[in-house]
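Remember, predicted model here, so these are calculated numbers, not experimental data.
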Amino acid sequence: TGQGCRGDTMTHHCHNTLFLEGKPESVMAAKQALLLEPESTKPVLDFSLLLPPPASLQQAKRNKAFIQELKRWRTQNWSTQSNGVLTNMKEDKQSLQIQFTTIWSPPIKVYQALAAQWPNLGYVYLYHNSKAFLWGMAWYQDGLWTVHETMYA
């Protein structure tokens, strides 16, 4: 499940919202596993903090074959070929909500990895891709994922 948001053109963006809540120390740890927070710029979403690519896909020199291999690895390990682009963030001590876009599909395996690492948090994620006519949502609590997906015409 969760493999929606696939389309035919490179302009397909999947709009994602992730909400998590729980104990403040767990919320902070999960946030640090998703976001780089440089002092001089706004936070940057980086799924490789939680699920890093192998060293062979972390080199600086990149050609077309390298980029294709990296996209394949990301799709297999993150469920999307791109990192997220953060569009909005709200937080307090016990919750974090981030909104971001990805290309093609939502990062389902990133959400699953978060829940595996911090199972005491509650999670809700929503996504939609209007060009692909897809939307979905899921929530996680007490070790159980509940998922709903729809394709509309």
For a 4.5 angstrom cut-off between non-hydrogen side-chain atoms, does Leu45 reach Val85? no
Side chains of Lys23 and Asn120: does their closest heavy-atom pair fall under 4.5 Å? yes
Give, for atom OG1 of Thr101 and atom NE2 of His12, the distance between the pair rounded to the nearest 0.5 Å. 14.0 Å
Can you see which heavy atom on Ala33 is nearest to which on Leu49, and at what distance? O-CB, 3.4 Å
Would you say the side chain of Lys93 lies within less than 4.5 Å of the side chain of Val27, judging by non-hydrogen atoms? no
Check: Phe47 main-chain N/O paired with Asn83 side-chain donor or acceptor under 3.5 Å: yes
Verify the ring-centre separation between Tyr125 and Trp145: is it less than 6.0 angstrom? yes
Any donor-acceptor pair under 3.5 Å from Lys131 side chain to His13 backbone: no
Does Thr102 use its side chain to pair, donor to acceptor, with the backbone of Thr80 at less than 3.5 Å? no
Report yes or no: does Ser105 contribute a side-chain atom to a donor-acceptor pair with the main-chain N or O of Ser79 at less than 3.5 Å? yes
So, for Leu51 and Lys109, which heavy atoms are closest and what is the spacing to 0.1 Å? CD1-O, 3.9 Å
Show the numbers, then the answer: is there a side-chain contact (heavy atoms from CB on, under 4.5 Å) between His148 and Trp135? CA-CA 9 Å; His148 180 72; Trp135 68 272; 3.4 Å; yes
Side chain to side chain, Val147 and Glu149, heavy atoms closer than 4.5 Å: yes
Please check if the side chain of Tyr123 supplies one atom and the backbone of Leu114 the other of a donor-acceptor pair under 3.5 Å. yes
Whether the side chain of Asp46 engages the backbone of Val44 through a donor-acceptor N/O pair (distance < 3.5 Å, no angle test) should be reported. no
